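Hydrogens, waters and symmetry mates are skipped; everything else that's a heavy atom, side chains included, is used. Note that the coordinates shown come from a computational prediction; the quantities given were computed from them, not determined experimentally. Counting begins at 1 with the first residue of the sequence.
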Amino acid sequence: MSEERTLTPRERLRIHLREARRTTDSPIVEAQLTAALEAWTDLPPTPLGECPACGKIGLPERIQQHECG
């Protein structure tokens with residue numbers, strides 16, 4: 001895996017919601033996106049996983065991409 005940090009699906013979702021809210025001209029859409037961001041904030045954290053080979057702990061999508069070493 002490269003040194004570059006990969007975004008999780010949750011992080012990508014938050015970025016898209018924030019950007020959509022920032023760029024909308026509609027007060028109704030802005031209110032809906034604000035509510036969506038508040039709901040995102042209330043989500044429980046993603047459970048961590050463990051690599052079966054090396055025991056490294058982390059987000060499941062990052063554990064799948066890491067190189068044991």
Nearest 0.5 angstrom please: [X] [atom1] to [Y] [atom2], how far?
X	Y	atom1	atom2	answer
Trp40	Leu13	CH2	CG	8.0 Å
Glu38	Leu17	CD	CG	11.5 Å
Arg62	Ile57	CZ	CD1	14.5 Å
Cys54	Ile63	SG	CD1	6.5 Å

Any heavy-atom pair between the side chains of Lys56 and His66 that's under 4.5 Å?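 In contact.
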For the student: nearest non-hydrogen atoms of Pro45 and Arg10, plus distance: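 The pair with the smallest heavy-atom distance is C-NH1, 4.0 Å.
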Which heavy atom of Leu33 sits nearest to which heavy atom of Arg21, and what is that distance?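 Looking at all heavy atoms of both residues, the closest pair is CD1-N, 3.3 Å.
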Around atom CG of Leu43, are there more than 12 heavy atoms of other residues, nucleotides or ligands at under 6.0 Å?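 Enclosed.
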Whether Glu11 and Arg14 form a salt bridge (side-chain N of Lys/Arg under 4.0 Å from carboxylate O of Asp/Glu) is what I want to check.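 Answer for the salt bridge query: no.
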Thr34 side chain vs Glu30 backbone, donor-acceptor pair below 3.5 Å: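 Checking the backbone N and O of Glu30 against the side chain of Thr34, a donor-acceptor pair under 3.5 Å is found.
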Is there a path of hydrophobic side-chain contacts, each under 4.5 Å between heavy atoms, that joins Ile15 and Leu59?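 No, separate clusters.
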